[in-house]
Amino acid sequence: MRHICIAVIFLISVLKISAQVLNIERERIKTDTVGWSGTGTVTFDLIKNTKQLTKAGLGLHVQYKTERSLYLALSDYELIKTGADDFSNKGMQHLRYNYKLTNFVTLEAFTQAQFNKVLQIDFRGLAGAGPRFKLLVVNQFRIYAGTAYMFEYEKPSGGLDPEYNHRLSSYLSFTFRISDNLTVINNSYYQPRFELLSDYRLSHNLDLLFKISRNLSYSLALEHLTDSHPIEGIPKQVYSLKNKLVIDFGK
């Protein structure tokens with residue numbers, strides 16, 4: 001019966017061990033106007049047969065833009081559980097500030113707090129800063145790159161000792177707006193430790209965004225993460241396939 005529950009979870013839109021690297025490029029609301037923008041998602045499913053399965057989720061994205069500055073706040077929580085088993089139990093809060101130096105260079109600073117019970121992370125906190133570069137803009141096709149210093153504190157589950165790491169966080173992304181209703185976003189992240197380059201995270205994210213109406217979109221996201229030094233008992237490679245409806249507000 002446990003396998004049946006897992007199949008049901010897939011049918012209601014989840015097949016994953018969620019990745020640990022936030023795809024910030026996907027979360028940026030593309031707008032040329034100043035002021036507030038935002039998106040929100042709420043999910044709740046309750047299934048009862050021989051076992052009870054509960055799925056709940058909450059996502060909120062708010063950003064404020066001026067001529068040179070961008071303030072961005074992200075919150076996300078997800079719980080999928082059947083009986084005493086957690087298929088997913090994670091939360092994240094991310095804050096980011098961008099300051100536009102030129103048309104091609106932007107400074108970024110960020111901080112993040114998260115937990116992920118399935119990946120045995122009781123708490124992970126990080127903060128960092130660095131430049132972001134606009135490499136190419138041709139019609140509806142854009143390429144960006146960024147690199148940052150990142151300090152990371154991680155407390156694993158099971159009474160393991162916490163870790164303090166200094167990492168490089170670099171990414172390369174492209175956005176291709178195929179039509180008014182379809183956008184493709186691809187991102188690759190590389191996050192090695194400064195003092196031990198063999199300890200790294202490599203993440204790839206591919207997103208398809210389908211615009212249904214002015215304020216409603218459908219998102220299909222494929223994520224893959226390689227962690228060369230994961231917590232004991234967690235595989236080095238994890239992936240997720242997620243689909244959801246997104247409500248836009250404040251544009």
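Both backbone and side-chain heavy atoms feed into the values below; hydrogens, waters and symmetry mates do not.
Put simply, the residue from Gln112, Arg193, Arg167 that forms a side-chain hydrogen bond (donor to acceptor under 3.5 Å, both in side chains) with Glu152 is Arg167.
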- request: Please step through side chain to side chain contact (heavy atoms under 4.5 Å, CB included) for the pair Leu126 and Phe110, ending with a clear verdict.
  value: CA-CA 8 Å; Leu126 56 88; Phe110 57 89; 3.6 Å; yes
- prompt: Where do Thr106 and Tyr99 land on the side chain to side chain contact (heavy atoms under 4.5 Å, CB included) test, with the steps shown first?
  reply: CA-CA 6 Å; Thr106 299; Tyr99 183 78; 5.6 Å; no
task: Go through Asp76 and Lys90 one step at a time and tell me if the side chain to side chain contact (heavy atoms under 4.5 Å, CB included) criterion holds.
output: CA-CA 8 Å; Asp76 183 73; Lys90 63 189 180 80; 3.5 Å; yes
task: Applying side chain to side chain contact (heavy atoms under 4.5 Å, CB included), run through Leu241 and Leu220 and close with a yes or a no.
output: CA-CA 7 Å; Leu241 176 63; Leu220 177 63; 3.8 Å; yes
message: One pair to check against salt bridge (Lys or Arg N to Asp or Glu O under 4.0 Å): Lys117 and Asp122. What are the steps and the verdict?
response: CA-CA 6 Å; Lys117 298 300 183 183; Asp122 280 349; 3.5 Å; yes
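A donor atom on one side chain and an acceptor atom on the other are not found under 3.5 Å apart for Ser37 and Gln63. Side chains of His166 and Glu195: no donor on one and acceptor on the other come within 3.5 Å.
Here the closest non-hydrogen pair linking Asn116 and Leu119 is OD1-N, 3.1 Å. The nearest pair of heavy atoms linking Pro162 to Pro156 is CA-CD, 4.1 Å. The shortest non-hydrogen separation linking Glu223 to Asn205 is CG-OD1, 3.2 Å. Between Tyr200 and Ser228, the closest heavy-atom pair is N-OG, 2.8 Å. Closest of all the heavy-atom pairs between Arg201 and Glu154 is NH2-OE1, 3.8 Å. Here the closest heavy-atom approach between residue Ala73 and residue Gln93 is recorded as CB-NE2, 4.5 Å.
Using a 4.5 Å cut-off between side-chain heavy atoms of Ile, Leu, Val, Met, Phe, Trp and Tyr, with links allowed through other members, Leu74 and Leu95 fall into different hydrophobic clusters. Tyr149 and Tyr97 are assigned to two separate hydrophobic clusters, defined by single-linkage of ILVMFWY side chains at heavy-atom distances under 4.5 Å. One hydrophobic cluster, built from ILVMFWY side chains closer than 4.5 Å, cannot hold both Phe115 and Tyr164; they sit in different ones. Tracing side-chain contacts under 4.5 Å through hydrophobic residues (I, L, V, M, F, W, Y), one never reaches Ile121 starting from Tyr153; they form parts of separate clusters. Criterion: ILVMFWY side-chain heavy atoms under 4.5 Å apart, direct or through other members. Under it, Val137 and Val105 are not part of a common hydrophobic cluster.
Within the 4.5 Å cutoff, no side-chain heavy atoms of His224 are placed close to those of Leu222. Between Leu135 and Leu172 the shortest side-chain heavy-atom distance falls below 4.5 Å. Using a 4.5 Å heavy-atom cutoff, the side chains of His61 and Leu72 are in contact. In this structure the side chain of Tyr77 reaches within 4.5 angstrom of the side chain of Asn89, judged on heavy atoms.
In this structure, the separation between CD1 on Ile231 and NE2 on His229 is 13.0 Å, given to the nearest 0.5 Å. Ile185 CD1 to Arg142 CZ: the interatomic distance, rounded to the nearest 0.5 Å, is 11.0 Å. For the atom pair Leu197 CG and Tyr190 OH, the distance stands at 6.0 Å (nearest 0.5 Å). Atom CG of Asn181 and atom CZ of Phe210 lie 10.0 Å apart (nearest 0.5 Å). With values rounded to the nearest 0.5 angstrom, Ser188 atom OG is found 10.0 Å from Leu206 atom CG. Going from atom CD of Gln191 over to atom CG of Leu202 covers 9.5 Å, rounded to the nearest 0.5 Å.
Ring to ring, Tyr171 and Tyr189 are close: their centroids are under 6.0 angstrom apart.
Heavy atoms of other residues, nucleotides or ligands lying less than 6.0 angstrom from CZ of Phe104 number 12 at most.
Between Phe176 and Phe141, the angle of the ring planes goes over 60°, which puts this pair in the perpendicular group of the 30/60° scheme.
Listed by chain and number, the residues in a salt bridge (Lys or Arg N to Asp or Glu O under 4.0 Å) with Asp180 are Arg177 (sequence neighbours excluded).
Remark: the backbone N or O of Leu208 is not paired with any side-chain donor or acceptor of Thr183 at under 3.5 angstrom. Between the side chain of Lys211 and the backbone N or O of Arg214 there is at least one donor-acceptor pair closer than 3.5 Å.
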